[in-house]
Amino acid sequence: MEQFQYRFFEFLFDYSSQFVKIELINRKSEEAGVKMGKWIRRIIIVIAFIMLLPNIFTLLTDLGSDIPKETREQVESGNAMIYDLDKEVQLDQDIIKFKHLVRTEDRTELIYEVLTYEPGWSFPDNALELKDEQGNTYLFNGGSSSGNSWGAIIRMDYEPIPETLDKVILDFNWYDRSFQTDIMLIEEGD
């Protein structure tokens, strides 16, 4: 009987030591899994940050630079006049912020921002006419836009307006949407 008890306890001891070894291996693998999970998370965060870096850089460099470099150079050299407009028009749910009008010898440039809150349509640039009080319409010559997640900054070129004008009219007509706003041409700093 003693021998049986001895073997029984020996068996229990071997079994329990095996169980303890298995438990230790499981704990180590869990710890390794947790550590691995942390590293995978960190790697994903670093990769996401690297992928977002160009967007962050673009956002930071675009702040305050809605006037193109060549236009700024023309204004600084005295070959162009810039007018800060600071006009806002709400068109349905969208907001159009007229920022600057630049007058040069060969063109008139209108810079504005469209903040789109209504899905399903985009602001048609060519529907915006530049007029004066006498009813003269200045031809649209082209333009450009740079889109952002909140909307777009648009630069439109029109034929040059006379230096004698003190006021221009922006007239928008597009199917059932329309607005008209007057822009006083007061030089920046006046």
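Count residues from 1 along the sequence.
- Other residues, nucleotides and ligands place no more than 12 heavy atoms under 6.0 Å from the CG atom of Asp86.
- Val102 is not connected to Ile169 by any chain of hydrophobic side-chain contacts under 4.5 Å among Ile, Leu, Val, Met, Phe, Trp and Tyr, and they are in different clusters.
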| query | When you look at Val168 and Tyr158, which way does the side chain to side chain contact (heavy atoms under 4.5 Å, CB included) test go after all the steps? | reply | CA-CA 12 Å; Val168 292; Tyr158 295 91; over 6 Å; no
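- The heavy-atom pair separating Ser178 from Asn173 by the smallest distance is CB-OD1, 3.1 Å.
- The hydrophobic clustering, which links ILVMFWY residues whose side-chain heavy atoms are closer than 4.5 Å, places Ile50 and Ile47 apart.
- Of all non-hydrogen atoms in Glu163 and Arg103, the two that sit nearest each other are CA-NH1, 2.8 Å.
- Listed by chain and number, the residues in a salt bridge (Lys or Arg N to Asp or Glu O under 4.0 Å) with Asp132 amount to none (sequence neighbours excluded).
- Phe172 is not connected to Leu139 by any chain of hydrophobic side-chain contacts under 4.5 Å among Ile, Leu, Val, Met, Phe, Trp and Tyr, and they are in different clusters.
- Under the 4.5 Å side-chain heavy-atom criterion for grouping Ile, Leu, Val, Met, Phe, Trp and Tyr, Ile43 is not connected to Leu53 through any hydrophobic cluster.
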| said: Show, in sequence, the C-alpha distance, side-chain angles and deciding distance for Leu130 and Met156, and conclude whether the side chain to side chain contact (heavy atoms under 4.5 Å, CB included) test is met. | reply: CA-CA 10 Å; Leu130 186 65; Met156 307 245 324; over 6 Å; no
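- Between Gln134 and Leu165 the shortest side-chain heavy-atom distance falls below 4.5 Å.
- The salt bridge (Lys or Arg N to Asp or Glu O under 4.0 Å) search around Glu133 returns Lys167, not counting sequence neighbours.
- When side chains are defined from C-beta on, Leu110 does not count as touching Ile183, because their heavy atoms never get closer than 4.5 Å.
- Electrostatic pairing of Lys99 and Glu113 counts as a salt bridge here, judged by a charged N lying under 4.0 Å from a carboxylate O.
- Contacts of Tyr117 classified as ring-ring contact (aromatic ring centres under 6.0 Å, His included), with partners at least two apart in sequence or in another chain: none.
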| query | Please walk me through it: do Arg155 and Asp157 pass side chain to side chain contact (heavy atoms under 4.5 Å, CB included)? | reply | CA-CA 7 Å; Arg155 297 170 186 95; Asp157 286 340; 5.8 Å; no
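- Heavy-atom neighbours of Asp106 CG from other residues, nucleotides or ligands within 6.0 Å: above the threshold of 12.
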